[in-house]
Amino acid sequence: MVRLRPYKDEDADIILSWCNNEEDFYKWTAGVLGTYPITRKEFDFVKSLIPFTAFDESGIVGFFTLRNPGKSVNELRFGFVIVDPQKRGKGYGKAMIRQGLKFAFQIYGARRVSLGVFENNPSAYHCYKAVGFQDMISNHVETYRVMNEEWKCLELSMDHNLSII
């Protein structure tokens with residue numbers, strides 16, 4: 001069973017070990033945390049957000065942050081979502097996101113939760129859709145210049161009254 005706890009400094013080495021190549025690093029961070037390879041000092045930025053470590057009986061299995069994306073306290077946004085590569089495809093991501101949604105809706109009182117995912121990261125996109133996130137339709141698609149390519153960021157959200165947690 002996946003559970004959450006507040007992130008601890010000693011979690012950093014394990015979490016950072018999960019990004020072994022530049023492409024995966026930028027899919028995870030969009031470059032917000034710095035350039036590949038990231039240092040522990042750069043990763044300390046996550047402490048300015050609401051960071052969570054996911055774990056089960058085998059140890060740490062994932063990580064994500066929540067933050068308030070605007071002036072309204074009604075919305076929280078997932079960021080820096082990552083699952084141990086050895087655990088991917090086994091339901092850990094979905095379980096971790098569901099637990100994060102419980103915190104967002106039931107503890108923090110959010111009315112809406114949002115996130116962004118690159119369109120070249122279909123496994124993450126399908127994980128979020130399976131949990132109940134819906135595509136946000138917009139005339140503006142945010143793009144990032146990553147590794148000499150343009151990456152499009154897909155926006156997804158979930159309203160509290162539509163959540164399946």
For [X] versus [Y], what's the shortest heavy-atom pair and its separation?
{"X": "Glu42", "Y": "Pro37", "result": "OE1-O, 4.2 Å"}
{"X": "Arg98", "Y": "Ala130", "result": "NH2-O, 4.1 Å"}
{"X": "Gly100", "Y": "Leu4", "result": "N-CD1, 3.6 Å"}
{"X": "Asp11", "Y": "Pro6", "result": "OD2-O, 4.5 Å"}
{"X": "Glu57", "Y": "Met1", "result": "OE1-N, 3.8 Å"}

Mutual orientation of the aromatic rings belonging to Phe133 and Phe78 [parallel < 30°, tilted 30-60°, perpendicular > 60°]
perpendicular
If you measure from [atom1] on [X] to [atom2] on [Y], what distance do you get to the nearest 0.5 Å?
{"X": "Tyr108", "Y": "Leu76", "atom1": "OH", "atom2": "CG", "result": "8.0 Å"}
{"X": "Ile97", "Y": "Tyr92", "atom1": "CD1", "atom2": "OH", "result": "15.5 Å"}
{"X": "Asn74", "Y": "Arg112", "atom1": "CG", "atom2": "CZ", "result": "10.5 Å"}
{"X": "Asp56", "Y": "Met96", "atom1": "CG", "atom2": "CE", "result": "12.0 Å"}

Do Asn121 and Tyr26 meet the criterion of a side-chain donor-acceptor pair at a distance under 3.5 Å?
no
Decide yes or no for Lys94 and Val2: does some side-chain heavy atom of the first lie under 4.5 Å from some side-chain heavy atom of the second?
no
Judged by atom type as modelled, is there a donor-acceptor pair below 3.5 Å linking the side chain of Arg3 to the main-chain atoms of Gln99?
no
Passes side chain to side chain contact (heavy atoms under 4.5 Å, CB included), Val46 versus Leu33? Steps please.
CA-CA 8 Å; Val46 302; Leu33 296 178; 4.3 Å; yes
Only pairs under 3.5 Å count here: list side-chain donor-acceptor contacts from residues 146-158, not counting sequence neighbours, and write none if there are none.
from   : atom 1 : to     : atom 2 : distance (Å)
Glu149 : OE1    : Trp151 : NE1    : 2.8
Glu155 : OE1    : Arg77  : NH1    : 2.9
Glu155 : OE1    : Arg77  : NH2    : 3.0
Glu155 : OE2    : Arg77  : NH2    : 2.9

Would [X] and [Y] show up in the same hydrophobic cluster when neighbours are defined by side-chain heavy atoms closer than 4.5 Å?
{"X": "Val83", "Y": "Leu101", "value": "yes"}
{"X": "Tyr125", "Y": "Tyr144", "value": "no"}
{"X": "Phe52", "Y": "Leu16", "value": "no"}
{"X": "Tyr7", "Y": "Ile14", "value": "yes"}
{"X": "Phe105", "Y": "Tyr128", "value": "yes"}

Passes side chain to side chain contact (heavy atoms under 4.5 Å, CB included), Ile38 versus Cys19? Steps please.
CA-CA 9 Å; Ile38 188 175; Cys19 272; over 6 Å; no
Pairs touching residues 79-91 that satisfy side-chain hydrogen bond (donor to acceptor under 3.5 Å, both in side chains), sequence neighbours left out
Ser58-Lys87
Test side chain to side chain contact (heavy atoms under 4.5 Å, CB included) on Lys47 and Asp9; report intermediate values, then the result.
CA-CA 9 Å; Lys47 293 191 287 187; Asp9 285 336; 2.9 Å; yes
Go through the steps to decide whether Lys27 and Asn120 satisfy the test side chain to side chain contact (heavy atoms under 4.5 Å, CB included), and finish with yes or no.
CA-CA 8 Å; Lys27 284 180 181 177; Asn120 65 350; 3.9 Å; yes
Among Phe63, Phe80, Phe25, Trp18, which residue meets the ring pair (Phe, Tyr, Trp, His ring centres under 6.0 Å) test with Phe43?
Phe63
Do Phe103 and Phe64 have ring centres separated by under 6.0 Å?
no
